[in-house]
Protein chains: 2
Amino acid sequence: MSAVAPADRRHRRRLETIEQVLDVAVEVMAEQGVAGLTLGEVARRMGIRPPSLYVYFDGKHALYDALFERGWRLLLETVHRAQSRMARDDPLAEFRDGMDQFVRWAVDNPAYSALMFWRPVPGFTPSERAYAPATALAAEGRAEVVRLRDAGILRPDVDVDRAFTAQVTLVSGVISQQLSNAPHEPFDGGTWTAVLPELLDMWLAHHCSSAPSRPGESS
Amino acid sequence: MSAVAPADRRHRRRLETIEQVLDVAVEVMAEQGVAGLTLGEVARRMGIRPPSLYVYFDGKHALYDALFERGWRLLLETVHRAQSRMARDDPLAEFRDGMDQFVRWAVDNPAYSALMFWRPVPGFTPSERAYAPATALAAEGRAEVVRLRDAGILRPDVDVDRAFTAQVTLVSGVISQQLSNAPHEPFDGGTWTAVLPELLDMWLAHHCSSAPSRPGESS
DNA sequence: GTCTATACTACGATAGAC
DNA sequence: GTCTATCGTAGTATAGAC
(Lines give C-alpha, C1' and ligand atoms only; values in the text may rest on other atoms or scores of the structure.)
Protein backbone atom coordinates (compact mmCIF):
# COMPACT_ATOMS: atom_id res chain seq x y z
CA MET A 1 0.00 0.00 0.00
CA SER A 2 2.60 2.48 1.00
CA ALA A 3 4.55 1.70 -2.16
CA VAL A 4 1.71 2.76 -4.46
CA ALA A 5 2.97 5.50 -6.73
CA PRO A 6 5.64 6.86 -4.44
CA ALA A 7 6.88 9.13 -7.18
CA ASP A 8 3.52 10.89 -7.25
CA ARG A 9 3.60 11.47 -3.55
CA ARG A 10 7.09 12.87 -3.76
CA HIS A 11 5.95 15.07 -6.58
CA ARG A 12 2.98 16.37 -4.66
CA ARG A 13 5.08 16.96 -1.61
CA ARG A 14 7.49 18.89 -3.76
CA LEU A 15 4.73 21.07 -5.17
CA GLU A 16 3.48 21.75 -1.68
CA THR A 17 6.91 22.87 -0.60
CA ILE A 18 7.16 25.15 -3.62
CA GLU A 19 3.85 26.72 -2.69
CA GLN A 20 5.08 27.22 0.84
CA VAL A 21 8.22 28.95 -0.39
CA LEU A 22 6.08 31.31 -2.44
CA ASP A 23 3.78 32.01 0.50
CA VAL A 24 6.69 32.88 2.74
CA ALA A 25 8.34 34.96 0.02
CA VAL A 26 5.18 37.05 -0.32
CA GLU A 27 5.18 37.58 3.43
CA VAL A 28 8.75 38.81 3.33
CA MET A 29 8.05 41.13 0.39
CA ALA A 30 5.04 42.56 2.21
CA GLU A 31 7.20 43.41 5.22
CA GLN A 32 10.53 44.31 3.67
CA GLY A 33 9.48 45.52 0.25
CA VAL A 34 9.87 43.67 -3.02
CA ALA A 35 13.57 44.46 -3.27
CA GLY A 36 14.01 43.43 0.36
CA LEU A 37 13.31 39.79 -0.40
CA THR A 38 16.27 37.56 0.48
CA LEU A 39 16.68 33.81 0.26
CA GLY A 40 18.15 33.76 3.74
CA GLU A 41 15.03 35.29 5.28
CA VAL A 42 12.76 32.89 3.40
CA ALA A 43 14.83 29.93 4.55
CA ARG A 44 14.93 31.18 8.14
CA ARG A 45 11.12 31.44 8.31
CA MET A 46 10.74 27.98 6.82
CA GLY A 47 13.19 26.47 9.29
CA ILE A 48 15.60 25.36 6.59
CA ARG A 49 18.95 26.59 5.23
CA PRO A 50 19.33 28.83 2.18
CA PRO A 51 21.00 26.18 -0.02
CA SER A 52 17.93 23.95 0.32
CA LEU A 53 15.90 26.52 -1.63
CA TYR A 54 17.99 25.77 -4.69
CA VAL A 55 16.29 22.40 -4.92
CA TYR A 56 13.05 24.21 -5.74
CA PHE A 57 14.16 27.40 -7.43
CA ASP A 58 17.14 27.99 -9.64
CA GLY A 59 18.19 31.15 -7.82
CA LYS A 60 16.56 34.37 -6.73
CA HIS A 61 15.40 35.51 -10.16
CA ALA A 62 13.54 32.25 -10.68
CA LEU A 63 11.76 32.90 -7.39
CA TYR A 64 10.76 36.40 -8.53
CA ASP A 65 9.59 34.92 -11.80
CA ALA A 66 7.38 32.38 -10.05
CA LEU A 67 5.97 35.12 -7.83
CA PHE A 68 5.23 37.31 -10.83
CA GLU A 69 3.41 34.51 -12.60
CA ARG A 70 1.55 33.47 -9.47
CA GLY A 71 0.39 37.03 -8.86
CA TRP A 72 -1.10 37.45 -12.32
CA ARG A 73 -2.63 34.00 -12.11
CA LEU A 74 -4.27 34.80 -8.78
CA LEU A 75 -5.58 38.08 -10.15
CA LEU A 76 -6.88 36.31 -13.25
CA GLU A 77 -8.68 33.76 -11.09
CA THR A 78 -10.13 36.48 -8.90
CA VAL A 79 -11.64 38.25 -11.88
CA HIS A 80 -12.94 34.99 -13.34
CA ARG A 81 -14.52 33.98 -10.06
CA ALA A 82 -16.30 37.32 -9.86
CA GLN A 83 -17.55 36.97 -13.44
CA SER A 84 -18.93 33.49 -12.84
CA ARG A 85 -20.93 34.84 -9.92
CA MET A 86 -22.51 37.52 -12.08
CA ALA A 87 -25.62 37.36 -14.17
CA ARG A 88 -24.60 37.07 -17.79
CA ASP A 89 -27.06 39.58 -19.17
CA ASP A 90 -25.65 42.89 -17.97
CA PRO A 91 -22.35 43.72 -19.68
CA LEU A 92 -22.17 47.10 -18.00
CA ALA A 93 -22.50 45.74 -14.49
CA GLU A 94 -20.06 43.00 -15.37
CA PHE A 95 -17.59 45.57 -16.62
CA ARG A 96 -17.84 47.69 -13.48
CA ASP A 97 -17.56 44.65 -11.28
CA GLY A 98 -14.51 43.39 -13.13
CA MET A 99 -12.67 46.66 -12.63
CA ASP A 100 -13.74 46.72 -9.03
CA GLN A 101 -12.39 43.22 -8.41
CA PHE A 102 -9.18 44.03 -10.20
CA VAL A 103 -8.41 47.07 -8.08
CA ARG A 104 -9.60 45.38 -4.92
CA TRP A 105 -7.23 42.49 -5.38
CA ALA A 106 -4.33 44.81 -6.19
CA VAL A 107 -4.92 46.93 -3.09
CA ASP A 108 -5.37 43.88 -0.90
CA ASN A 109 -2.11 42.36 -2.19
CA PRO A 110 0.38 45.22 -2.28
CA ALA A 111 3.44 42.97 -2.34
CA TYR A 112 2.31 41.17 -5.47
CA SER A 113 1.15 44.44 -7.02
CA ALA A 114 4.47 46.18 -6.58
CA LEU A 115 6.21 43.30 -8.32
CA MET A 116 3.61 43.05 -11.06
CA PHE A 117 2.86 46.69 -11.88
CA TRP A 118 6.14 48.42 -11.08
CA ARG A 119 9.60 46.97 -11.77
CA PRO A 120 11.52 47.38 -8.55
CA VAL A 121 14.05 44.58 -9.05
CA PRO A 122 17.09 45.78 -11.05
CA GLY A 123 18.19 42.70 -12.96
CA PHE A 124 14.86 40.91 -13.19
CA THR A 125 12.73 40.60 -16.33
CA PRO A 126 9.75 38.26 -16.25
CA SER A 127 9.90 35.24 -18.54
CA GLU A 128 7.36 34.65 -21.29
CA ARG A 129 5.80 31.92 -19.22
CA ALA A 130 5.33 34.29 -16.30
CA TYR A 131 3.82 36.91 -18.59
CA ALA A 132 1.23 34.54 -20.00
CA PRO A 133 -1.53 35.15 -17.44
CA ALA A 134 -0.95 38.91 -17.65
CA THR A 135 -1.37 38.75 -21.40
CA ALA A 136 -4.49 36.65 -21.03
CA LEU A 137 -6.02 39.15 -18.64
CA ALA A 138 -5.23 42.01 -21.00
CA ALA A 139 -6.87 40.16 -23.88
CA GLU A 140 -9.99 39.58 -21.79
CA GLY A 141 -10.10 43.22 -20.80
CA ARG A 142 -9.95 44.31 -24.39
CA ALA A 143 -12.68 41.80 -25.28
CA GLU A 144 -14.80 43.38 -22.58
CA VAL A 145 -14.57 46.71 -24.39
CA VAL A 146 -15.65 45.01 -27.61
CA ARG A 147 -18.61 43.52 -25.78
CA LEU A 148 -19.63 46.94 -24.48
CA ARG A 149 -19.45 48.29 -28.00
CA ASP A 150 -21.44 45.41 -29.50
CA ALA A 151 -24.06 45.79 -26.78
CA GLY A 152 -24.61 49.34 -27.93
CA ILE A 153 -23.27 50.87 -24.75
CA LEU A 154 -20.23 52.35 -26.45
CA ARG A 155 -20.25 54.06 -29.81
CA PRO A 156 -20.04 51.62 -32.75
CA ASP A 157 -17.04 53.48 -34.14
CA VAL A 158 -15.13 53.56 -30.87
CA ASP A 159 -11.38 52.98 -31.16
CA VAL A 160 -11.18 49.83 -29.08
CA ASP A 161 -7.45 49.85 -28.47
CA ARG A 162 -7.37 53.49 -27.55
CA ALA A 163 -10.35 53.14 -25.25
CA PHE A 164 -8.83 50.11 -23.60
CA THR A 165 -5.54 51.93 -23.09
CA ALA A 166 -7.39 54.77 -21.40
CA GLN A 167 -9.33 52.35 -19.23
CA VAL A 168 -6.21 50.52 -18.11
CA THR A 169 -4.61 53.85 -17.31
CA LEU A 170 -7.48 54.83 -15.03
CA VAL A 171 -7.35 51.58 -13.13
CA SER A 172 -3.58 51.69 -12.93
CA GLY A 173 -3.71 55.23 -11.61
CA VAL A 174 -6.03 54.31 -8.79
CA ILE A 175 -3.86 51.35 -7.79
CA SER A 176 -0.62 53.32 -7.99
CA GLN A 177 -1.89 56.23 -5.96
CA GLN A 178 -3.54 54.08 -3.34
CA LEU A 179 -0.54 51.83 -2.86
CA SER A 180 2.14 54.51 -2.82
CA ASN A 181 0.29 57.19 -0.85
CA ALA A 182 -1.93 55.26 1.53
CA PRO A 183 -0.94 51.60 1.41
CA HIS A 184 -2.61 50.74 4.71
CA GLU A 185 -6.06 51.97 3.74
CA PRO A 186 -8.39 49.13 2.77
CA PHE A 187 -10.14 49.08 -0.58
CA ASP A 188 -13.43 50.11 0.98
CA GLY A 189 -13.09 53.73 2.02
CA GLY A 190 -9.67 54.23 0.48
CA THR A 191 -8.89 57.79 -0.56
CA TRP A 192 -8.08 56.78 -4.13
CA THR A 193 -10.22 53.70 -4.59
CA ALA A 194 -13.19 55.91 -3.73
CA VAL A 195 -12.90 57.77 -7.04
CA LEU A 196 -12.82 54.58 -9.13
CA PRO A 197 -16.57 54.50 -9.84
CA GLU A 198 -16.49 58.15 -10.87
CA LEU A 199 -13.53 57.54 -13.17
CA LEU A 200 -15.29 54.60 -14.79
CA ASP A 201 -18.35 56.79 -15.29
CA MET A 202 -16.16 59.39 -16.93
CA TRP A 203 -14.70 56.77 -19.21
CA LEU A 204 -18.10 55.34 -20.11
CA ALA A 205 -19.60 58.77 -20.74
CA HIS A 206 -16.70 59.70 -22.96
CA HIS A 207 -17.19 56.65 -25.17
CA CYS A 208 -20.94 56.48 -24.79
CA SER A 209 -23.19 56.23 -27.81
CA SER A 210 -26.04 58.13 -26.19
CA ALA A 211 -25.81 61.23 -24.03
CA PRO A 212 -23.86 60.64 -20.84
CA SER A 213 -26.15 59.38 -18.12
CA ARG A 214 -24.51 58.98 -14.79
CA PRO A 215 -26.11 57.44 -11.75
CA GLY A 216 -27.49 60.14 -9.48
CA GLU A 217 -28.13 62.54 -12.32
CA SER A 218 -31.59 63.36 -13.47
CA SER A 219 -32.32 61.91 -16.89
CA MET B 1 42.88 88.94 -2.61
CA SER B 2 43.04 85.21 -2.28
CA ALA B 3 42.16 85.48 1.38
CA VAL B 4 38.87 87.23 0.74
CA ALA B 5 36.09 85.18 2.30
CA PRO B 6 37.76 81.79 2.03
CA ALA B 7 34.99 80.24 4.03
CA ASP B 8 32.49 81.21 1.35
CA ARG B 9 34.58 79.61 -1.33
CA ARG B 10 34.88 76.45 0.68
CA HIS B 11 31.16 76.52 1.20
CA ARG B 12 30.44 76.93 -2.48
CA ARG B 13 32.87 74.22 -3.38
CA ARG B 14 31.14 71.97 -0.90
CA LEU B 15 27.74 72.66 -2.42
CA GLU B 16 29.11 71.93 -5.86
CA THR B 17 30.43 68.60 -4.68
CA ILE B 18 27.05 67.77 -3.15
CA GLU B 19 25.37 68.54 -6.46
CA GLN B 20 27.85 66.30 -8.22
CA VAL B 21 27.12 63.45 -5.84
CA LEU B 22 23.41 63.83 -6.58
CA ASP B 23 24.02 63.92 -10.33
CA VAL B 24 26.03 60.73 -10.21
CA ALA B 25 23.51 59.06 -7.90
CA VAL B 26 20.73 59.77 -10.41
CA GLU B 27 22.87 58.22 -13.13
CA VAL B 28 23.35 55.09 -11.08
CA MET B 29 19.64 54.86 -10.27
CA ALA B 30 18.78 55.24 -13.95
CA GLU B 31 21.04 52.33 -14.85
CA GLN B 32 20.70 50.00 -11.86
CA GLY B 33 17.26 50.91 -10.59
CA VAL B 34 16.44 52.96 -7.53
CA ALA B 35 17.15 50.09 -5.15
CA GLY B 36 20.40 49.41 -7.02
CA LEU B 37 21.99 52.63 -5.83
CA THR B 38 25.13 51.98 -3.78
CA LEU B 39 27.59 54.35 -2.20
CA GLY B 40 30.46 52.34 -3.61
CA GLU B 41 29.30 52.84 -7.18
CA VAL B 42 28.77 56.56 -6.67
CA ALA B 43 32.23 56.91 -5.17
CA ARG B 44 33.81 54.87 -7.95
CA ARG B 45 32.34 57.09 -10.65
CA MET B 46 33.45 60.22 -8.82
CA GLY B 47 36.99 58.89 -8.42
CA ILE B 48 36.83 58.94 -4.64
CA ARG B 49 36.41 56.35 -1.88
CA PRO B 50 33.10 55.49 -0.24
CA PRO B 51 34.01 56.93 3.19
CA SER B 52 34.51 60.36 1.62
CA LEU B 53 30.81 60.52 0.82
CA TYR B 54 30.04 60.63 4.52
CA VAL B 55 31.45 64.16 4.60
CA TYR B 56 28.50 65.27 2.50
CA PHE B 57 25.72 62.84 3.37
CA ASP B 58 25.01 61.16 6.65
CA GLY B 59 24.57 57.74 5.11
CA LYS B 60 22.55 56.24 2.29
CA HIS B 61 19.11 57.26 3.55
CA ALA B 62 20.19 60.90 3.68
CA LEU B 63 21.24 60.59 0.06
CA TYR B 64 17.86 59.16 -0.91
CA ASP B 65 16.22 61.95 1.03
CA ALA B 66 18.17 64.60 -0.85
CA LEU B 67 17.32 62.93 -4.14
CA PHE B 68 13.64 62.79 -3.25
CA GLU B 69 13.61 66.49 -2.38
CA ARG B 70 15.63 67.45 -5.43
CA GLY B 71 13.30 65.53 -7.72
CA TRP B 72 10.17 67.28 -6.46
CA ARG B 73 11.96 70.61 -6.54
CA LEU B 74 13.02 70.09 -10.16
CA LEU B 75 9.49 69.08 -11.09
CA LEU B 76 8.10 72.12 -9.28
CA GLU B 77 10.50 74.40 -11.15
CA THR B 78 9.65 72.78 -14.46
CA VAL B 79 5.95 73.44 -13.96
CA HIS B 80 6.62 77.01 -12.80
CA ARG B 81 8.84 77.70 -15.78
CA ALA B 82 6.13 76.49 -18.13
CA GLN B 83 3.53 78.64 -16.40
CA SER B 84 5.67 81.77 -16.65
CA ARG B 85 5.96 81.22 -20.39
CA MET B 86 2.20 81.05 -20.77
CA ALA B 87 -0.27 83.82 -21.35
CA ARG B 88 -2.04 84.50 -18.10
CA ASP B 89 -5.53 84.80 -19.52
CA ASP B 90 -6.35 81.24 -20.46
CA PRO B 91 -6.77 79.04 -17.39
CA LEU B 92 -7.79 76.06 -19.47
CA ALA B 93 -4.70 76.12 -21.67
CA GLU B 94 -2.59 76.71 -18.61
CA PHE B 95 -4.15 73.71 -16.93
CA ARG B 96 -3.57 71.43 -19.87
CA ASP B 97 -0.03 72.67 -20.29
CA GLY B 98 0.73 72.14 -16.61
CA MET B 99 -0.38 68.52 -16.73
CA ASP B 100 1.56 68.05 -19.93
CA GLN B 101 4.75 69.41 -18.39
CA PHE B 102 4.25 67.32 -15.29
CA VAL B 103 3.97 64.06 -17.18
CA ARG B 104 6.70 65.01 -19.61
CA TRP B 105 9.17 65.62 -16.82
CA ALA B 106 8.21 62.37 -15.08
CA VAL B 107 8.66 60.32 -18.24
CA ASP B 108 11.91 62.05 -19.09
CA ASN B 109 13.28 61.39 -15.59
CA PRO B 110 12.32 57.82 -14.78
CA ALA B 111 14.90 57.41 -12.03
CA TYR B 112 13.57 60.37 -10.05
CA SER B 113 9.99 59.34 -10.78
CA ALA B 114 10.40 55.83 -9.43
CA LEU B 115 11.80 57.23 -6.20
CA MET B 116 9.15 59.96 -5.95
CA PHE B 117 5.98 58.17 -7.02
CA TRP B 118 6.62 54.61 -5.93
CA ARG B 119 8.40 53.56 -2.71
CA PRO B 120 10.99 51.04 -3.81
CA VAL B 121 13.45 51.50 -0.93
CA PRO B 122 12.51 49.28 2.04
CA GLY B 123 13.64 51.32 5.04
CA PHE B 124 13.39 54.80 3.55
CA THR B 125 10.73 57.36 4.42
CA PRO B 126 11.17 60.91 3.13
CA SER B 127 11.67 63.60 5.74
CA GLU B 128 9.28 66.53 6.13
CA ARG B 129 11.80 68.79 4.53
CA ALA B 130 12.03 66.53 1.49
CA TYR B 131 8.24 66.41 1.26
CA ALA B 132 7.85 70.17 1.24
CA PRO B 133 8.11 70.76 -2.52
CA ALA B 134 5.77 67.83 -3.17
CA THR B 135 3.22 69.37 -0.83
CA ALA B 136 3.65 72.75 -2.49
CA LEU B 137 3.02 71.26 -5.91
CA ALA B 138 -0.09 69.50 -4.66
CA ALA B 139 -1.40 72.75 -3.21
CA GLU B 140 -0.82 74.53 -6.50
CA GLY B 141 -2.55 71.77 -8.40
CA ARG B 142 -5.59 72.03 -6.18
CA ALA B 143 -5.57 75.81 -6.59
CA GLU B 144 -5.61 75.28 -10.33
CA VAL B 145 -8.88 73.37 -9.97
CA VAL B 146 -10.31 76.25 -7.95
CA ARG B 147 -9.26 78.66 -10.70
CA LEU B 148 -11.00 76.55 -13.32
CA ARG B 149 -14.14 76.59 -11.22
CA ASP B 150 -14.00 80.34 -10.61
CA ALA B 151 -13.42 80.95 -14.31
CA GLY B 152 -16.72 79.20 -14.99
CA ILE B 153 -15.10 76.28 -16.78
CA LEU B 154 -16.04 73.79 -14.07
CA ARG B 155 -19.37 73.68 -12.31
CA PRO B 156 -19.65 76.14 -9.41
CA ASP B 157 -20.66 73.34 -7.06
CA VAL B 158 -17.82 71.02 -8.06
CA ASP B 159 -16.23 69.06 -5.22
CA VAL B 160 -12.73 70.47 -5.53
CA ASP B 161 -10.94 67.83 -3.46
CA ARG B 162 -12.66 64.98 -5.18
CA ALA B 163 -12.05 66.45 -8.61
CA PHE B 164 -8.42 67.04 -7.78
CA THR B 165 -8.02 63.49 -6.55
CA ALA B 166 -9.44 62.20 -9.79
CA GLN B 167 -7.18 64.47 -11.81
CA VAL B 168 -4.07 63.35 -9.94
CA THR B 169 -5.11 59.75 -10.48
CA LEU B 170 -5.32 60.25 -14.23
CA VAL B 171 -1.89 61.81 -14.42
CA SER B 172 -0.42 59.22 -12.10
CA GLY B 173 -1.90 56.45 -14.20
CA VAL B 174 -0.30 57.71 -17.38
CA ILE B 175 3.08 58.04 -15.70
CA SER B 176 2.91 54.63 -14.04
CA GLN B 177 1.86 52.80 -17.17
CA GLN B 178 4.36 54.56 -19.39
CA LEU B 179 7.28 54.00 -17.03
CA SER B 180 6.56 50.40 -16.13
CA ASN B 181 5.43 49.12 -19.52
CA ALA B 182 7.42 51.17 -22.02
CA PRO B 183 10.10 53.11 -20.14
CA HIS B 184 12.21 53.76 -23.22
CA GLU B 185 9.47 55.45 -25.22
CA PRO B 186 9.80 59.23 -25.23
CA PHE B 187 6.95 61.45 -24.06
CA ASP B 188 6.07 62.38 -27.62
CA GLY B 189 4.54 59.34 -29.24
CA GLY B 190 4.48 57.24 -26.10
CA THR B 191 1.78 54.60 -25.98
CA TRP B 192 0.40 55.88 -22.69
CA THR B 193 1.28 59.54 -22.82
CA ALA B 194 -0.70 59.67 -26.06
CA VAL B 195 -3.97 59.24 -24.18
CA LEU B 196 -3.27 62.04 -21.70
CA PRO B 197 -5.10 64.77 -23.66
CA GLU B 198 -8.11 62.51 -24.05
CA LEU B 199 -8.13 61.72 -20.34
CA LEU B 200 -7.94 65.41 -19.47
CA ASP B 201 -10.85 66.05 -21.84
CA MET B 202 -12.80 63.33 -20.07
CA TRP B 203 -12.05 64.91 -16.74
CA LEU B 204 -13.00 68.38 -17.92
CA ALA B 205 -16.20 67.18 -19.55
CA HIS B 206 -17.18 65.33 -16.41
CA HIS B 207 -16.84 68.46 -14.27
CA CYS B 208 -17.87 70.91 -16.96
CA SER B 209 -20.55 73.46 -16.33
CA SER B 210 -21.76 73.48 -19.92
CA ALA B 211 -22.27 70.54 -22.24
CA PRO B 212 -19.04 68.66 -22.96
CA SER B 213 -17.27 70.15 -25.95
CA ARG B 214 -14.21 68.29 -27.00
CA PRO B 215 -11.76 69.42 -29.65
CA GLY B 216 -12.56 67.79 -32.97
CA GLU B 217 -16.23 67.47 -32.19
CA SER B 218 -18.84 69.55 -33.94
CA SER B 219 -20.33 72.13 -31.62
C1' DG C 1 38.42 66.76 3.09
C1' DT C 2 40.42 62.60 1.60
C1' DC C 3 42.62 58.69 2.39
C1' DT C 4 43.74 53.63 4.19
C1' DA C 5 42.34 50.16 6.94
C1' DT C 6 39.00 47.70 8.85
C1' DA C 7 34.93 46.08 11.30
C1' DC C 8 30.78 44.01 10.61
C1' DT C 9 27.11 42.14 8.30
C1' DA C 10 24.87 40.18 4.65
C1' DC C 11 24.08 38.25 0.19
C1' DG C 12 23.83 34.63 -3.68
C1' DA C 13 25.59 30.60 -5.01
C1' DT C 14 28.25 26.07 -5.19
C1' DA C 15 30.54 21.66 -3.52
C1' DG C 16 30.15 17.70 -1.33
C1' DA C 17 28.90 14.77 2.85
C1' DC C 18 24.96 12.37 4.67
C1' DG D 1 16.32 16.54 -0.09
C1' DT D 2 18.81 18.64 3.52
C1' DC D 3 22.70 19.70 5.62
C1' DT D 4 27.57 22.03 6.74
C1' DA D 5 31.12 24.50 4.99
C1' DT D 6 32.73 27.82 2.20
C1' DC D 7 33.68 30.86 -1.65
C1' DG D 8 33.44 35.30 -3.45
C1' DT D 9 31.45 39.44 -3.46
C1' DA D 10 29.34 43.53 -1.88
C1' DG D 11 27.53 46.58 1.18
C1' DT D 12 27.29 50.42 5.10
C1' DA D 13 29.72 52.54 8.30
C1' DT D 14 33.55 54.00 11.57
C1' DA D 15 38.39 55.08 13.27
C1' DG D 16 42.25 57.40 12.67
C1' DA D 17 46.41 58.99 9.84
C1' DC D 18 47.68 62.67 6.69
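Source: prediction; values computed, not measured. The chains referred to below are lettered A, B, ... by the order of the sequence lines, with proteins before strands, and numbering in each begins at 1.
Contact annotation: A:Ser52 reaches the phosphate of D:dC3 (side-chain N/O to OP1 or OP2, under 4.0 Å). Between B:Tyr56 and the phosphate of C:dT2, there is a side-chain N or O to OP1/OP2 separation shorter than 4.0 Å.
Taking atom OH of B:Tyr64 as the reference point, atom P of D:dG11 lies 11 Å away to the nearest angstrom. The CZ-P distance, from B:Phe57 to C:dT2, rounds to 13 Å in whole Å. A:Arg14 has its CZ atom 10 Å from the C1' atom of D:dG1, to the nearest Å. If you measure from atom CZ of B:Arg49 to atom P of C:dA5, you get 11 Å, rounded to the nearest angstrom. One interatomic measurement links the two molecules: CZ of B:Arg44 to C1' of D:dG11, which rounds to 15 Å at whole-angstrom precision. Rounded to a whole Å, the CZ atom of A:Arg10 is 15 Å from the C1' atom of D:dT2.
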(message) Can you build the contact string for nucleotides 12-18 of chain C? Use B for base contact, S for sugar-phosphate-only contact, and - for no protein heavy atom under 4.0 Å.
(response) SBB----
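Judged as a side-chain contact (heavy atoms from CB on, under 4.5 Å), and not counting sequence neighbours, the contacts of B:Ala30 are B:Ala111.
Side-chain contact check for B:Thr191 and B:Gln178: no donor-acceptor pair (N or O, by modelled atom type) lies under 3.5 Å.
Applying the ring-ring contact (aromatic ring centres under 6.0 Å, His included) definition to pairs two or more places apart or across chains, those involving residues 107-149 of chain B are A:Trp118-B:Trp118, B:Tyr64-B:Phe124, B:Phe68-B:Tyr131, B:Trp72-B:Phe117, B:Trp105-B:Tyr112.
In this structure, B:Trp192 contributes its side chain and B:Ser176 its backbone to no donor-acceptor pair below 3.5 Å.
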(request) Would you check, one step at a time, whether the test side-chain hydrogen bond (donor to acceptor under 3.5 Å, both in side chains) holds for A:Gln177 with B:Thr169? (result) CA-CA 7 Å; A:Gln177 286 297 103; B:Thr169 304; 5.5 Å; no
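Ring centroids of A:Phe164 and A:Trp203 are separated by 6.0 Å or more, keeping the two rings apart.
Within the nucleic acid shown, B:Gly47 comes within 4.0 Å of sugar-phosphate atoms alone, with no base atom in reach, counting heavy atoms only.
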